[in-house]
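First comes the structure, then the notes that go with it.
Counting convention: from 1, in listed order, for ligands and their atoms alike.
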Amino acid sequence: MNIAIGCDEAACDLKRIVRQHLLAQGHEVIDFGTHDNAPVLYPDIAIAVAQAIVQGRHERGVLLCGTGIGMAISANKVRGIRAAQAHDTYSAERARRSNDAQIVTLGARVIGAELAKSIVDRFLESAFDGGRSALKVAAISDYERAQAALPRAPGA
Ligand SMILES: O=C(CO)[C@H](O)[C@H](O)COP(=O)(O)O
């Protein structure tokens with residue numbers, strides 16, 4: 001699979017471990033940074049990865065920050081992206097099967113490396129169920145399309 005990965009400075013070490021894990025499995029991994037402890041704005045990384053995915057350049061994304069929350073919030077601002085923070089394997093699986101999420105986000109200050117690897121594995125090996133879930137995911141897309149057609153709200 002072709003996977004985009006990105007992190008902020010809080011999660012560089014965990015990103016390196018997850019990236020190596022994915023490469024060892026034969027995945028193609030494109031690294032959007034950051035690469036060291038110098039502070040960055042996590043939305044810059046999240047949005048770059050999310051845009052690359054909606055443009056069809058990568059099949060899945062893995063985003064890491066301190067909690068996984070900022071990365072999820074930011075990535076979900078990109079129209080068409082469903083990013084899910086998951087800190088357990090069941091949620092990672094449901095993020096794919098129920099929500100058709102393209103991106104999983106992880107918190108390097110919340111979970112350890114072994115759990116992170118298991119979460120990413122489960123996310124990547126799970127497929128969208130469609131069926132009853134498709135209607136719900138379509139409702140999210142419908143809302144996004146309707147919002148895009150509206151004039152921008154003051155201050156937004
Ligand atoms: O976890 C994060 C965002 O969700 C980031 O890693 C970040 O370090 C949080 O930093 P701050 O508290 O300074 O906004």
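Taking the salt bridge (Lys or Arg N to Asp or Glu O under 4.0 Å) definition, one finds that Arg60 meets it with nothing, sequence neighbours left out. Legend: residues meeting salt bridge (Lys or Arg N to Asp or Glu O under 4.0 Å) with Asp13, ordered by chain and number and at least two apart, are Arg16.
Counting heavy atoms from C-beta on, the side chains of Thr89 and Glu93 never come closer than 4.5 Å.
Nearest heavy-atom pair across Ser126 and Arg97 is CB-CG, 4.3 Å.
With hydrogens and angles ignored, the 3.5 Å screen pairs no side-chain donor or acceptor of Gln85 with any backbone N or O of Ala72.
Chaining together hydrophobic side chains whose heavy atoms lie under 4.5 Å apart places Val29 alongside Met1, Ile3, Ile5, Leu14, Val18, Leu22, Leu23, Val62, Leu64, Val104, Leu106, Val110, Ile111, Leu115, Ile119, Val120, Phe123, Leu124.
Near ligand 1, residues Asp8, Ala10, Tyr42, Cys65, Gly66, Thr67, Ile69, Gly70, Arg109 come within 4.0 angstrom through at least one heavy atom.
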